[in-house]
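Chain letters run A, B, ... following the sequence lines, proteins first, then strands; residues in each count from 1.
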Amino acid sequence: MSVRVRYAPSPTGFLHIGGLRTALYNYLFARHHGGQFILRVEDTDRTRLVDGAVEDFINMLEWAGIQIDEGPNKGGNFGPYYQSQRLEIYKKHAEQLLREGKVYRCFCTSERLDQMRKFQEKSKLPPKYDRQCLRLSPEEIHKNLEEKVPYVLRMKLPDDTIVRFKDLIRDDVEFNTSNIDDQVLMKSDGFPTYHLANVVDDHLMEITHVIRGEEWLSSTPKHVLLYQFFGWKIPEFAHLPLLLNSDRSKMSKRQGDTEARAYPPKGYLPDALVNFISLLGWNPGDDREIFSMDELIKEFSIERIHKAGAVFNLEKLNWMNTMYIRKMPNDQIFDILKDDLEKAGYSKFPKEYILKCLGLMKERINFIHELVTFSVYFFKDPETFDPEGVKKRWAPPAKEYLTQLAIRLEKTKNFDHTEIETIFRFYAEEIQIKASELIHPTRLAVSGMTLGPGVFDLLEVLGKDVVLRRMKHAVENFDKIVAGLA
RNA sequence: GGCCCCAUCGUCUAAGGGUUAGGACAUCGCCCUUUCACGGCGGUAAUAGGGGUUCAAAUCCCCUUGGGGUCACCA
């Protein structure tokens, strides 16, 4: 039987980084085994729906390179993939359980439930439904139904029974039903709760492996019991370790960016983010750390997922992002930055020129958009000059150096790296100074900055005309700039 | 609080009875060097505590401690 897994988020918010990892692990597992990855939207809570959430799930999964085989955007043989469109199915199954006495109607008001909980809390009792409605006589039930008193359907749990199940990550886990509440399965608005909808759908969609966050571990016995109520085969469970804030609490909005969609605009590459989160709770068993999606698919195994939660460490993600930027071909970077370059007004420059600039700059930036913001001087003459740099690099002889260099550079034929370097070295030797005393003032003159690519590369890429123009401008305004007037 | 899960450098982790407890990020130092980076070399840094089992324990068992999750007509 082929593997079928699902990622089943609730559209009550945008895709969470933790959700992205859950989806990724499901996807890797599916692909590793040649199975299917399904996206199912669990929109049974009508009060917390967030506009655009489903689009965000789909967009971000696609951005990350996770391909959905079946889902709201794809269709499939097991749809619909919105739970809100499957109400009849849940109703039918709930009625079956009601007929079989596995669930019962509960007419209790939320006020009574709240009161009861408060009392239990105060008296340090476990907060549990007291089963008042389980003791209702048939006449009372009939009367309530006649009077259209709203009701929910609750699971009737067996008394004092051990529910055991095997978790692929945690091995055997067991719970006693005496610690579990009679879970509501159908709400009074006719919508199922998560527990019912989830089990019914996983069964009908022939899900073989339920891979989800650890926060579901304690409700799994309810699900196991439900499978048993229906007489269905129980899928394999794998509860993933949680993603943590730096204080080791469950990753939440309080700290850092928890929404996946925050990452692309910050300049994170999808491959880097995917690679990074793949390693949060899993590793291949050796020292390798850089993996493409295909390699992850090849290497991934549930056996190597470990149990403890993992802190989302932004610094390591940043490092990984840097690695991926360095590795990425220039024209691919160009494609990603197209809009940014356009917006900055740089797209009027020839593509080959931009590609060269990207090539020089990508070695020294951490986020892809920095390529645009830090590359201004490739596209515009500097209007300001770093004051610290001016102070340090533009001592009086620099003016003469720049003048002389400009004269010599003007005579070049190719204006390439080697030719430029020769001129610098030769002139430095001639006047008995270190080449760096020429290099630093020149960098400042042509870029306005004290850092960036190697100067000879920089000059070559900028081209003779631009370099000479900027150097002359620097010489002409040298005294003003040094005096802090320009 | 009840129930459940978990526990190796600051962080991500390797080592599933015998290792000087390994790697990566971060950090520190040195080298390279025209700046910033990259890179190279090296350093600091961990088995939560206590009991067992064993010739031998990070590793198996128990207890303690600590952390987390969950206890809704939310998922």
### Task
Please list, chain by chain and in numerical order, all residues satisfying salt bridge (charged side-chain N to carboxylate O under 4.0 Å, His left out) with A:D457, sequence neighbours excluded.
none
Quick check: are there more than 12 heavy atoms from other residues, nucleotides or ligands sitting under 6.0 Å from [atom1] of [X]?
{"X": "A:K156", "atom1": "NZ", "result": "no"}
{"X": "A:K91", "atom1": "NZ", "result": "no"}
{"X": "A:K166", "atom1": "NZ", "result": "yes"}

### Query
If you measure only the distance, is there a donor-acceptor pair under 3.5 Å linking the side chains of A:R212 and A:H239?
yes
Just the atom pairs and distances: protein N or O near nucleotides 37-42 of chain B's N or O, under 3.5 Å.
residue : atom : partner : partner atom : Å
B:A37   : O2'  : A:R326  : NH2          : 3.3
B:A37   : O2'  : A:E363  : O            : 3.1

### Query
Which letters describe nucleotides 64-75 of chain B, given B = protein heavy atom under 4.0 Å from base, S = only from sugar-phosphate, - = neither?
----SSSSSBBB
### Task
May I ask you to decide if the ring planes of A:Y194 and A:H223 are parallel, tilted or perpendicular, using 30° and 60° as cut-offs?
tilted
Round to a whole Å and report the spacing from [atom1] of [X] to [atom2] of [N].
{"X": "A:N275", "N": "B:U13", "atom1": "CG", "atom2": "P", "value": "14 Å"}
{"X": "A:K434", "N": "B:U35", "atom1": "NZ", "atom2": "C1'", "value": "13 Å"}
{"X": "A:D171", "N": "B:C60", "atom1": "CG", "atom2": "P", "value": "12 Å"}
{"X": "A:R425", "N": "B:U33", "atom1": "CZ", "atom2": "C1'", "value": "10 Å"}

Distance below 4.0 Å between [X] side-chain N/O and [N] OP1 or OP2:
{"X": "A:K307", "N": "B:C5", "result": "no"}
{"X": "A:N283", "N": "B:A14", "result": "yes"}
{"X": "A:H306", "N": "B:U13", "result": "yes"}

### Task
Let me know, please, whether A:S436 or A:D286 comes out on the 5' side of the other along RNA chain B by nearest nucleotide.
A:D286
#### Entry: Anti/syn call for B:C38, syn if |chi| within 90°
syn
### Query
NA contact type, A:R304, heavy-atom cut-off 4.0 Å: base, sugar-phosphate, or nothing?
sugar-phosphate
### Summary
Partner of B:C30 under the Watson-Crick or G-U wobble criteria, both distances under 3.5 Å, comes out as B:G40
